[in-house]
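All remarks here apply to the structure that follows.
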Amino acid sequence: MRKTFRLDEIDCANCARKLQDSLAKLDGVEAVSVNFMTQKLTLSAADDRFDDVLNSVVALTAKIEPDCEIIR
C-alpha cells in the first residue's frame, strides 16, 4: 500500500533528507519520500502491516523532528 500524508512544520530541505534517511531504515518500510517543497511524505509498506509501520513512522518523526507533525 502507498499513501501520501501532509507534513506540518518541516523546516528545511536538510531536515527532510535526514528524516527520509532515518525512516527508510525502519522495519517494514518498503519506500519513503519526504518532500520539503510540497510538505508531503509518501510511504509504501505491506498492506497487512501498513498501520503498524505508519505508527512507527509517526513516532520516529516526533523523535527526530519534534515540531513536525504528520497529518493523517
Side-chain angles (χ1 to χ4, degrees):
M1 178 183 302
R2 180 178 177 208
K3 287 190 178 182
T4 301
F5 303 92
R6 190 170 66 84
L7 294 173
D8 188 35
E9 299 285 332
I10 189 86
D11 295 329
C12 68
N14 188 43
C15 296
R17 180 63 178 186
K18 178 176 72 171
L19 182 60
Q20 178 177 300
D21 290 345
S22 297
L23 294 176
K25 295 175 184 174
L26 283 175
D27 185 42
V29 172
E30 294 173 356
V32 65
S33 173
V34 178
N35 188 312
F36 167 70
M37 294 300 290
T38 62
Q39 298 283 297
K40 292 190 177 175
L41 176 140
T42 303
L43 174 65
S44 295
D47 290 354
D48 61 334
R49 293 192 59 208
F50 192 86
D51 290 337
D52 291 336
V53 173
L54 179 58
N55 288 336
S56 296
V57 165
V58 169
L60 186 57
T61 298
K63 186 175 183 181
I64 294 172
E65 291 294 326
D67 293 334
C68 181
E69 180 182 357
I70 297 173
I71 308 300
R72 298 186 199 198

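Cluster partners of Ile71, using a side-chain heavy-atom cutoff of under 4.5 Å among ILVMFWY residues and allowing indirect links: none.
For the atom pair CG of Asn35 and CG of Leu41, the computed distance is 10.0 Å after rounding to the nearest 0.5 Å.
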Going by atom type alone, with no hydrogens or angles, which donor-acceptor pairs under 3.5 Å involve a side-chain atom of residues 42-66 and a protein atom two or more places apart or on another chain?
unit_1: Thr42; atom_1: OG1; unit_2: Thr4; atom_2: OG1; d: 3.2
unit_1: Asp47; atom_1: OD1; unit_2: Met1; atom_2: N; d: 2.7
unit_1: Arg49; atom_1: NH2; unit_2: Asp27; atom_2: OD2; d: 3.3
unit_1: Asn55; atom_1: OD1; unit_2: Arg72; atom_2: NH1; d: 3.4
unit_1: Asn55; atom_1: OD1; unit_2: Arg72; atom_2: NH2; d: 3.4
unit_1: Asn55; atom_1: ND2; unit_2: Asp51; atom_2: O; d: 3.3
unit_1: Ser56; atom_1: OG; unit_2: Asp52; atom_2: O; d: 3.3
unit_1: Thr61; atom_1: OG1; unit_2: Val57; atom_2: O; d: 2.8

Atom pairs and distances, side-chain donor-acceptor, residues 9-22, under 3.5 Å, sequence neighbours left out:
unit_1: Gln20; atom_1: OE1; unit_2: Val34; atom_2: N; d: 2.8
unit_1: Ser22; atom_1: OG; unit_2: Lys18; atom_2: O; d: 3.1

